[in-house]
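Below: one structure, written as structure tokens.
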Amino acid sequence: MSTAQPARKRDAAATREAILAAAVVEFTEHGYAGAGVRRIAERAGVTAMMVNRYFGSKQGLFTQAVARSFAPPTIVGDERADLAGAIAHTLTERTASDAERLDPFLLLLRSAPDPEAADIVRQGVEANVGARLAGLLDGPDADVRAQLALALVAGTWLLRGVVGTTALATADDARLIALLTDMLEPVVHEVGGTSAATGTGPDGTQG
């Protein structure tokens, strides 16, 4: 009678999670073009064949990694109260010199220039943080206003957190939060609509 123990059943969910977590790190560090399926497999402790079995292809894995990266409320939360102020405060805090890096934005920055990855990044941003922010906005053009706010967020993150331009990197946090809040308020709450910029009233007449 054999005394050999049966092989332990592989935990499919845990394996998939390990691969996806490794992929987020690899794509964030190297971008879509620079990331390698074999390196992702090594990080996850599996074979490249196993990666393809669970995700089909590098592109399929990247799609899931983008969704994973942009789904959590990194900068944009889930509360309507003081939305502009909350975004400004979190953005300032997360782009400070001693803050941990913002993985979703690094993944975007390093992958978006690649034609094969650009559309996946766009869909990931729109379906996750873009849709979440738009859902918190009242009034017309919520999608446009949400993405304008995200453009300000991404630009501030790039110059302050990555490039480290002197004025932004050394700015007083309280002052920076106040300035960012003032810039976000008209977009988040549609203060004055387009009439503030054009000088026209709601009925199209000159104000």
Please evaluate residues L176 and D172 with respect to the criterion side chain to side chain contact (heavy atoms under 4.5 Å, CB included), reporting the C-alpha separation (whole Å), side-chain torsions for both, the decisive distance (0.1 Å), and the verdict.
CA-CA 6 Å; L176 186 58; D172 175 73; over 6 Å; no
Just do the side chain to side chain contact (heavy atoms under 4.5 Å, CB included) check on E93 and I177 with the steps written out, would you?
CA-CA 9 Å; E93 185 178 73; I177 291 171; over 6 Å; no
Before you tell me yes or no, could you show the steps for R68 and L20 under side chain to side chain contact (heavy atoms under 4.5 Å, CB included), namely the whole-Å CA-CA distance, both residues' side-chain angles and the distance that decides it to 0.1 Å?
CA-CA 8 Å; R68 163 67 67 87; L20 187 54; 3.2 Å; yes
Under the criterion side chain to side chain contact (heavy atoms under 4.5 Å, CB included), I'd like the reasoning laid out for R110 against H30: C-alpha separation, chi angles, the key distance, then a yes or no.
CA-CA 7 Å; R110 292 169 177 164; H30 302 287; over 6 Å; no
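Ion pair R38/E42 not flagged as a salt bridge, since none of the NZ, NE, NH1 or NH2 atoms sits closer than 4.0 Å to an Asp/Glu carboxylate oxygen.
A continuous path of Ile, Leu, Val, Met, Phe, Trp and Tyr side chains, each step under 4.5 Å between heavy atoms, connects L168 with L180, placing both in one hydrophobic cluster. Hydrophobic clustering places W157 together with L152 (ILVMFWY residues linked when any side-chain heavy atoms are closer than 4.5 Å, directly or through intermediates). Linking Ile, Leu, Val, Met, Phe, Trp and Tyr whenever their side-chain heavy atoms come within less than 4.5 Å puts V125 and L106 in one cluster. V162 and V121 fall within the same hydrophobic cluster, where Ile, Leu, Val, Met, Phe, Trp and Tyr residues are linked whenever their side-chain heavy atoms come under 4.5 Å apart, directly or through other members. Under the 4.5 Å side-chain heavy-atom criterion for ILVMFWY residues, no single connected hydrophobic cluster contains both L83 and L179.
Scanning all heavy atoms of the two residues, the minimum distance from A22 to I40 falls at CB-O, 3.6 Å. Contact detail for P104 and T74: the closest heavy-atom pair is CG-OG1, 3.9 Å. Of all heavy-atom pairs spanning V188 and L137, the tightest one is O-CD2, 3.5 Å. Across all non-hydrogen atoms, the minimal contact from L184 to A88 is CD1-N, 4.2 Å. Counting all heavy atoms, side chain and backbone alike, V37 lies closest to K58 at CG2-CB, 3.8 Å. Annotation for R132 and D78: closest pair CD-OD1, 2.9 Å, computed over non-hydrogen atoms.
Between atom OG1 of residue T181 and atom CD1 of residue I87 there is a gap of 9.0 Å, rounded to the nearest 0.5 Å. A distance of 5.0 Å separates CG of L91 from CD1 of I75, quoted to the nearest 0.5 Å. Rounding to the nearest 0.5 Å gives a distance of 12.0 Å between CD of Q59 and CD of Q64. If you take CE on M183 and CG on L148, they are separated by 11.0 Å, rounding to the nearest 0.5 Å.
Side-chain contact between L133 and Q147 is absent, with no heavy atoms from C-beta onward closer than 4.5 Å. The shortest distance between side-chain heavy atoms of L150 and V76 falls below 4.5 Å. Annotation: side chain of F62 is not in contact with side chain of E116 (no heavy-atom distance under 4.5 Å).
A donor-acceptor contact closer than 3.5 angstrom links the side chains of Q123 and D119.
Listed for the R160 side chain is a donor-acceptor partner under 3.5 Å among the backbone atoms of T92. A donor-acceptor contact shorter than 3.5 Å is absent between the side chain of R53 and the backbone of A48. Between the S111 side chain and the Y32 main chain, a donor and an acceptor come within less than 3.5 Å of each other. For the pair R16 (side chain) and V51 (backbone), a donor-acceptor distance under 3.5 Å is absent.
Using cut-offs of 30° and 60° for the angle between ring planes, the F105 and F70 rings count as perpendicular.
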